[in-house]
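Residue numbering restarts at 1 for every chain, and letters A, B, ... go by the order of the sequence lines.
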Amino acid sequence: MYALIDCNNFYCSCERVFNPKLEGRPVVVLSNNDGCAVARSDEAKDLGIAMGTPAFMIQDELRKHNVAVFSSNYTLYGDMSDRVMQTLSGFCPRMETYSIDEAFLDFQDMAYSDLLQLGLTIRKTVKQHTGIPTTVGIAATKTLAKMANRFAKKKRPDTGVFWAANKQLVEEMLANTIIRDIWGIGAQHARFLQKKGFHTAMELSQAPDDWVRKELSVVGLRLVHELRGIPCIADEFELPAKKNICTSRSFGNLLTCKSDIREALCNYAATCALKLRKQNSCCKTLEIFVQTNPHKIEHRQYVRSIRVQLERPTNNTSEIIKYAVKGFDIIFKEGYLYKKTGIIAMDITPDTHIQTGLFDSANQEKDKVVMTVMDTINRSLGKDLVRMAVQGFDKKFRVRAEHLSPRYTTDINNLLKIRN
DNA sequence: TCTGGGGTCCTAGGACCC
DNA sequence: TCTGGGGTCCTAGGACCC
C-alpha cells in the first residue's frame, strides 16, 4: 500500500502560516515575474480563478474580491517543504519526495493495520509541526494513491483521508473519476480517449492491453496496469541526480541590447553551475537558447538554440560562463525584442574521477577551491555576493516580484515579530 | 505595460556502421 | 523496373508532471 500525502494549496498555505489573517480570505500566489496564478486557496478557486491564468487578465477580479496576492517566495516554500518532508519521514522509512508539496510513503513491510487511522494521524502531525494542511490518499499503487488523494479532497473533505481498502471502495473511486483526472492522462490523451468512448477510470482500466499499447505506448499500458492494482512505477527512495539542469527566466521587460541579455545569461549560467555543484555533478554539454515573446504576434519572432561541447566535464562557474557566452555570440542576432534566455546543462556525470585532457592547462584543484570558497561565503550570507564580473550588478533583466512576502524561516532579519 | 520555470520519458526518423 | 537487414547513436518533437 502506498500513501500519497499532498499539501493543500501549498504556496498559499505557506503564506497563511505566517499571516493568519489570511485565513478565510482568498489568496493567490503568482509565478515568476508575477505572470500567472500558480496557486489558489479554496476561496480563490471558488471565485473561478483558474490555474495558470495570466495575472493581468484578472486584475479587476482580484481587487474586487479583496484577494491577497503574493509573488512566488521559493525560499520560504522550499524551507517549509523540507519541514513537512522531515515530519513525514518519521512515519515510514520508505519515503519518496515526489515534488515540493507531495510525497509517497510505501507501507509495505510496515506493521500498521488501520491505515485510515494512520492517515488521520499523519495529517494531524504535519499540521501540528508545520501549520500546513494536507490530504492523504492510500491505495495499492501510486496511480491509485494519487486518485485516492483526489477522491479524498472531493468526497471526504471532513477527514481529508481516503483509503481504497477493498475492491468495492476501489471500484467506487474508479467509477467516479473521469479520464482527464487520472494521473498521467493529459488534455491530449483525454480528448482522444473521450472520442473512443472512454469516460471513467473504470472503463479505461478494462481496455485491452494490445489496444492500449498501440495507441498510448508503453507509458499508457503501465498506467492501465496501475489502475488494475498492479504496481508498475518504480520506487525511488533516493533523490536521483537530475539528468538535465535548466536555468532560464523571462525578463521583466523586453530587451534588445546584446550586453544586457548576455549579462542575464551569465547569471543563469552561474546558477546552473551552482546547481551542478550542489548535486556533485559536472556536465559536458551546454545548450544555450534565446527567444522573443511568442505572445507578441505583431513583433518579428526569433527563436534559436545551440549546443556547445565542453573540453571536459565541469561545474566551474567561470568555465560554464565562458562556454555559455561562446554559444550566445553565435546565436544572438541584433534587431529583435528578446523575452527570454536560458541555459541547459546536459551529459551530466558525477564530479569524481573527471577525465582530464592530455594538454589540460587549467589547474582544476585550484578552481575547485575557489568555487568552494565562493559557495561557502554566499551560503553564509544567504545571497550571491561573490560573483563573476560579467554577471554585473545592474540587473536590467530583473524579474518582477511586487508582492513578495518575507523569508520568515531562513533570514534572521525576516523573523516574524509578535509585538514591536 | 502584463501570458512561469523546471523537469521526465517515449517515439520516429536520419545518419552511420558492418 | 530493381535498392539487405540489423544495430547504434543522435536529434527533434510530443506528451505529461508539478
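Remark: P of C/dC17 and CZ of A/R150 are 11 Å apart, rounded to the nearest angstrom. The separation between A/I185 atom CD1 and C/dC17 atom P is 8 Å, rounded to whole Å. Taking atom CG on A/L193 and atom C1' on C/dC16, their separation rounds to 14 Å, with Å as the unit. Here B/dG4 presents its P atom at 19 Å from CD1 of A/I100, a figure rounded to the nearest Å. In this structure, A/K278 places its NZ atom 13 Å from P of B/dG6, rounding to the nearest Å. Rounded to a whole Å, the OH atom of A/Y98 is 9 Å from the C1' atom of C/dC16.
Looking at the side chain of A/K339, the nearest of the listed nucleotides C/dC16, B/dT3, C/dC18 is B/dT3. Between B/dT11, C/dA12, C/dA15, one nucleotide has an atom nearer to the side chain of A/Q188 than all others, and that is C/dA15. Considering only the side chain of A/C36, B/dG4 comes nearest among B/dG4, B/dT8, C/dA12.
Taking the six-membered ring wherever Trp is involved, the centroid distance between the rings of A/F107 and A/W163 does not fall below 6.0 Å.
Not one side-chain nitrogen or oxygen of A/S217 sits closer than 4.0 Å to the OP1 or OP2 atom of C/dA15. Between A/K146 and C/dC17 there is no side-chain N or O to OP1 or OP2 distance below 4.0 Å. Phosphate proximity of B/dC2 to A/K296: present, with a side-chain N or O under 4.0 Å from OP1 or OP2. Regarding contacts with the backbone of B/dC2, every side-chain N or O of A/H295 stays at 4.0 angstrom or more from both OP1 and OP2. Considering only side-chain N and O atoms, A/N253 lies nowhere under 4.0 angstrom from the phosphate OP1 or OP2 of B/dT1. Between A/K340 and B/dT3 there is no side-chain N or O to OP1 or OP2 distance below 4.0 Å. For the pair A/R222 and B/dC9, the criterion of a side-chain N or O lying under 4.0 Å from OP1 or OP2 is not met. Between B/dT1 and A/R400, no contact under 4.0 Å exists linking OP1 or OP2 to a side-chain N or O. Applying the 4.0 Å criterion to OP1 and OP2 of B/dG5, one finds that A/S250 has a side-chain N or O inside that range.
Of the N and O atoms on the side chains of A/Y408 and A/N19, not one donor lies less than 3.5 Å from an acceptor on the other residue. A/R277 and A/T317 are linked by a side-chain donor-acceptor pair at a separation below 3.5 angstrom, with hydrogens and angles left out of the test. Under the 3.5 Å distance criterion, with hydrogens and angles disregarded, no donor-acceptor pair is assigned to the side chains of A/K154 and A/N176. Under 3.5 Å, the side chains of A/S405 and A/E15 contain a donor-acceptor pair of N or O atoms.
Within 4.0 Å (heavy atoms only), A/T247 reaches sugar-phosphate atoms of the nucleic acid but no base atom.
Atom name C1', nucleotides C/dC17 and B/dT1: the rounded distance is 32 Å, in whole Å.
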